[in-house]
Number of protein chains: 2
Amino acid sequence: MSGYDIRQKIESSTANFWSESFGQIYPALKKLSNEGLVTMRELQPEGQRLRKEYRITPAGKVRLREWLAEPCGLQVRREELLLKLFFGDKAPKGAMRAAVEQRLAVAKRELESYGPIERELAAKMLTHPAAPYWQLTLEFGKAQAAATRAWCEQTLRELDKLEKAKTRDKGGRRDAR
Amino acid sequence: MSGYDIRQKIESSTANFWSESFGQIYPALKKLSNEGLVTMRELQPEGQRLRKEYRITPAGKVRLREWLAEPCGLQVRREELLLKLFFGDKAPKGAMRAAVEQRLAVAKRELESYGPIERELAAKMLTHPAAPYWQLTLEFGKAQAAATRAWCEQTLRELDKLEKAKTRDKGGRRDAR
DNA sequence: GGGTGCATGTAATGGGTTACATGATTCT
DNA sequence: AGAATCATGTAACCCATTACATGCACCC
């Protein structure tokens with residue numbers, strides 16, 4: 001594939017858990033090429049624009065297998081929403097509610113988007129040997145999004161309770177702007 | 001607090017969803033100081049080492065409230081495990097199983113660690129006005145970790161099925177190394 | 001005397017996005 | 001004619017971690 005192709009493939013498949021920009025892809029391909037892990041072929045078929053097609057080499061396949069066997073580095077994923085919520089008592093009145101609602105909307109949209117993807121996948125299940133693995137990544141997304149949705153809904157209820165308690169507390173003294 | 005204090009506070013409270021290194025903290029404090037959002041006071045009480053204590057200013061509090069009201073930027077979180085799993089059919093035999101097992105162990109440890117934290121929190125619930133918010137962030141962690149655990153367990157079963165199907169398929173032709 | 005913890009900071013490096021820069025082809 | 005898509009790449013910049021560099025205080 002070309003760098004451009006790769007970008008598109010990424011966007012249409014792994015975008016939910018991995019994404020790369022051109023600024024990463026093109027230099028990476030050059031580097032892989034220098035290391036002999038991929039080969040490049042310039043194509044310009046009959047009045048077409050220039051294309052550089054890359055193809056993995058046997059050495060590249062070996063390296064891929066090695067990488068797949070390496071343990072995953074577990075990074076702390078930063079959750080801006082949680083950081084804000086952590087300081088929730090310092091926030092203006094409806095701010096936390098709005099933030100959680102936004103997140104809930106994202107989770108819902110995500111869950112909806114998985115429907116069509118799942119149907120596409122089901123069709124590929126018999127032809128593509130990797131399809132069962134794609135299914136597993138999809139299941140992860142579904143599980144995570146569902147958990148997020150449930151948490152958001154519960155959290156909205158809790159925020160309402162907190163708000164009420166604050167108002168009740170001293171009949172509206174010192175409101176949060 | 002001092003930069004050092006801040007680091008410790010972070011590690012003991014938000015480490016599960018947000019973390020900062022000294023390389024970030026010290027320059028940030030300098031910048032905040034230049035912008036008048038915090039003030040610095042040098043302390044050297046009776047035979048102690050030098051300490052620089054920072055304190056938020058009214059302008060800083062305003063800025064904090066502004067930031068809390070800003071919508072969260074939603075970044076694509078990169079999941080190395082899923083990226084590897086996506087190429088699972090190219091992986092050496094037990095590799096994906098090992099990766100998922102590792103993740104499962106992490107999720108379990110995380111869930112266990114939340115127990116004591118929750119008890120501590122319960123104690124602070126009456127004294128700290130922010131404690132209910134801390135509780136919410138904790139609930140998020142619990143929900144996410146529980147979802148991850150369930151997915152890992154299901155995925156391990158699926159991987160076993162895939163492995164069996166592959167072996168059955170042609171009685172061991174072209175095995176994965 | 002030596003390890004650990006307190007305390008401050010800078011420099012090197014890596015990873016990544018966005019913007020910039022270019023230009024052909026195809027579709028409307 | 002103009003917009004969208006194909007296609008490639010570089011440069012500037014931001015964010016973040018790790019390693020480096022320093023040194024005191026306290027405890028064993």
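Chain naming here is simple, since letters A, B, ... match the order of the sequence lines and numbering starts at 1 in each.
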If only side-chain N and O atoms of [X] are considered, is one of them under 4.0 Å from the OP1 or OP2 phosphate oxygen of [N]?
X	N	answer
A/Arg51	D/dT5	no
B/Ser21	D/dT18	no
B/Arg7	C/dC6	no
A/Gln8	D/dC6	yes

May I have the distance from [X] (atom [atom1]) to [N] (atom [atom2]), rounded to whole angstrom?
X	N	atom1	atom2	answer
B/Lys52	D/dG23	NZ	C1'	14 Å
B/Ile6	C/dG9	CD1	P	11 Å
B/Phe22	D/dT17	CZ	P	12 Å
A/Leu43	C/dA24	CG	P	19 Å
A/Tyr54	D/dT8	OH	P	7 Å
A/Glu80	D/dC15	CD	P	12 Å
B/Gln75	D/dC14	CD	P	19 Å
B/Glu11	C/dC6	CD	C1'	16 Å

In residues 122-130 of chain A, what donor-acceptor pairs under 3.5 Å come from side-chain atoms, sequence neighbours left out?
residue: A/Thr127; atom: OG1; partner: A/Lys124; partner atom: O; Å: 3.2

>> Restricting to side-chain hydrogen bond (donor to acceptor under 3.5 Å, both in side chains), what partner residues turn up for B/Ser2, sequence neighbours left out?
In response: B/Asp5
> How long is the span from the CG atom in B/Leu121 to the CD atom in B/Glu139, to the nearest 0.5 Å?
Replying inline: 9.5 Å
> Which nucleotide in the set D/dT17, C/dT17, D/dT5 lies at the smallest distance from any side-chain heavy atom of A/Tyr4?
Replying inline: D/dT5
> Picking from D/dG9, D/dT8, C/dG16, which would you name as closest to the side chain of A/Ser2?
Replying inline: D/dT8
> Taking only residues at least two apart or on different chains, which pairs with a member in residues 53-100 of chain A satisfy ring-ring contact (aromatic ring centres under 6.0 Å, His included)?
Replying inline: A/Phe86-B/Trp134
> Any ring-ring contact (aromatic ring centres under 6.0 Å, His included) pairs touching residues 141-167 of chain B, not counting sequence neighbours?
Replying inline: A/Phe140-B/Trp151
> Can you name the side chain to side chain contact (heavy atoms under 4.5 Å, CB included) partners of A/Glu158, sequence neighbours left out?
Replying inline: A/Gln154, A/Lys161, B/Leu136
> So which of residues 23-34 of chain A are in contact with DNA chain C, with a heavy-atom cut-off of under 4.0 Å?
Replying inline: A/Gly23, A/Gln24
> Centre of A/Phe22's six-membered ring, under 6.0 Å away, within 45 degrees of the axis: is that where NZ or CZ of A/Arg7 sits?
Replying inline: yes
